[in-house]
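The next block holds one structure in the form of structure tokens; read it before the comments.
Proteins come first, then strands; the chains are lettered A, B, ... in the order of their sequence lines, and each starts at number 1.
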2 protein chains.
Amino acid sequence: MANDNDRPAVGVHPTGDMLNAHLLAMLQGWSAYGYELVQRLNEAGFGEYNKGSVYRALRQLEQTGLVDSIWDTSTAGPARRMYQLTQAGILFLENWLALLDMHRALIGQFIDAAAPLQGAPTRAADRERRGRGDGSR
Amino acid sequence: MANDNDRPAVGVHPTGDMLNAHLLAMLQGWSAYGYELVQRLNEAGFGEYNKGSVYRALRQLEQTGLVDSIWDTSTAGPARRMYQLTQAGILFLENWLALLDMHRALIGQFIDAAAPLQGAPTRAADRERRGRGDGSR
DNA sequence: ACACCTAGGTGCAATATGCATATAGCTAGC
DNA sequence: GCTAGCTATATGCATATTGCACCTAGGTGT
């Protein structure tokens with residue numbers, strides 16, 4: 001059953017709200033640019049981040065107003081688009097964090113309780129548990 | 001700036017791994033069917049779940065082997081496809097939970113620390129902070 | 001017959017995503 | 001000067017996901 005290879009890949013390529021949250025998280029307290037963010041996130045071990053998706057996500061976050069950017073030409077090499085959080089971005093992160101905690105609570109409520117479900121639930125037990133046992137019809 | 005109306009909607013329509021995790025979470029300890037899950041999730045206040053997406057997600061979770069299903073014709077009304085977690089599904093949830101905790105740690109590391117970033121970071125401070133202050137070229 | 005509720009499912013346009021590729025600044029070697 | 005290679009951003013395109021509207025079908029009440 002499900003070894004490490006065919007086990008469904010969870011969060012291999014962070015996308016959507018997850019990706020946004022990670023990008024914003026990396027911008028907390030300082031600014032950074034796309035290329036740097038891709039590298040730091042890939043090194044962080046949360047998954048393999050796609051360059052194209054990251055660049056597009058950053059532009060979209062800027063359009064949404066969660067970050068803003070300026071060109072940085074002070075260093076050698078190609079110009080860097082430096083992003084920093086806006087107030088809206090900070091609020092977004094706070095919202096996201098609250099949601100994440102709710103999610104964790106929902107998901108962890110049984111697993112944390114010493115997982116009494118190892119044998120998989122019986123369907124008969126379900127009906128009793130929720131008091132719908134009107135199998136008589 | 002950014003009132004409750006134009007604030008970017010975070011997690012309004014849970015999708016992807018998030019949706020999968022929520023569905024699996026609702027199946028912990030008992031079985032349930034799609035229609036019921038949509039209702040319970042929508043009442044839970046985590047967002048507005050899309051019927052079509054939920055049904056498709058459930059079928060896909062079954063294909064992946066995280067849940068399995070049987071038809072339940074014991075109750076009145078249309079038959080219900082009852083889902084229950086598989087062992088792989090339980091493992092998935094445990095993995096997801098671990099990832100979620102890492103995410104939370106990443107995202108919350110600065111916000112939790114009394115948010116000293118209310119004024120938004122200065123870009124000059126960044127360079128000093130990361131010791132790249134070679135503005136002289 | 002008809003309206004209405006439950007329950008699952010599908011078609012399709014719009015959006016999001018992964019991968020490959022393009023553009024461009026700069027450095028090192030010859 | 002020319003080429004190769006690294007940094008840095010961006011886009012084209014085929015595929016995958018998603019939201020919404022709609023469909024099928026069983027059952028109940030009038």
Reference residue B:N20; test side chain to side chain contact (heavy atoms under 4.5 Å, CB included); the match among B:L58, B:V67, B:L61, B:L66: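 In the set B:L58, B:V67, B:L61, B:L66, the residue that makes a side chain to side chain contact (heavy atoms under 4.5 Å, CB included) with B:N20 is B:L61.
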[atom1] of [X] versus [atom2] of [N]: gap in Å, rounded?
X: B:E36; N: C:dC5; atom1: CD; atom2: C1'; answer: 16 Å
X: A:Y83; N: D:dA8; atom1: OH; atom2: C1'; answer: 11 Å
X: B:K51; N: D:dG19; atom1: NZ; atom2: C1'; answer: 13 Å
X: B:D17; N: D:dA16; atom1: CG; atom2: C1'; answer: 14 Å
X: B:Y35; N: C:dG8; atom1: OH; atom2: C1'; answer: 11 Å
X: B:L19; N: D:dT17; atom1: CG; atom2: P; answer: 12 Å
X: A:N42; N: D:dA8; atom1: CG; atom2: P; answer: 15 Å
X: B:N50; N: C:dG8; atom1: CG; atom2: C1'; answer: 14 Å

Base D:dG19 to side chain B:R56, donor-acceptor N/O within 3.5 Å cut-off: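 Looking at the base of D:dG19, it does pair with a donor or acceptor on the side chain of B:R56 (distance under 3.5 Å).
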Base of D:dG26 paired with side chain of B:R80 (donor-acceptor, under 3.5 Å):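 Such a pair does not exist between side chain and base.
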Does [N] have its OP1 or OP2 closer than 4.0 Å to a side-chain nitrogen or oxygen of [X]?
X: A:R81; N: D:dA10; answer: yes
X: A:H13; N: C:dT17; answer: no
X: A:S53; N: C:dG18; answer: yes
X: B:Y55; N: C:dG9; answer: no
X: B:T15; N: D:dT18; answer: yes
X: A:Y33; N: D:dA8; answer: yes

Spacing of [X] atom [atom1] and [Y] atom [atom2] [to the nearest 0.5 Å]:
X: A:M82; Y: A:T73; atom1: CE; atom2: OG1; value: 11.5 Å
X: B:E43; Y: B:Q39; atom1: CD; atom2: CD; value: 6.0 Å
X: B:F92; Y: A:I107; atom1: CZ; atom2: CD1; value: 9.0 Å

Looking at A:R81 and A:D72, is there a salt bridge between them, counting it only when a charged N and a carboxylate O are closer than 4.0 Å?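 Judged by the 4.0 Å cut-off on N to carboxylate O distance, A:D72 and A:R81 do not form a salt bridge.
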If only atom types and distance count, is the side chain of A:Q28 paired as donor or acceptor with the main-chain N or O of A:A25 below 3.5 Å?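 Yes, A:Q28 side chain to A:A25 backbone: donor-acceptor pair under 3.5 Å.
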To the nearest 10 degrees, how far apart in direction are the end axes of the helix from C:dA1-D:dT30 to C:dC30-D:dG1, each fit to five base pairs?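 Result, rounded to 10 degrees: 10°.
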Are B:L85 and B:L93 close enough that some pair of their side-chain heavy atoms sits under 4.5 Å apart?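 Side chain of B:L85 against side chain of B:L93, heavy atoms only: contact under 4.5 Å found.
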Ring centroids only, cut at 6.0 angstrom: are A:F46 and A:H22 within range, meaning strictly under it?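 For A:F46 and A:H22, the ring centres are under 6.0 Å apart.
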Can you work out whether B:G34 or A:A79 has the more 5'-proximal nearest nucleotide on DNA chain C?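 Mapping each residue to its closest nucleotide by heavy atoms, the 5'-most match is B:G34.
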Check every strand shown and say whether B:G52 touches a base, only sugar-phosphate, or nothing at a heavy-atom separation below 4.0 Å.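 Base contact.
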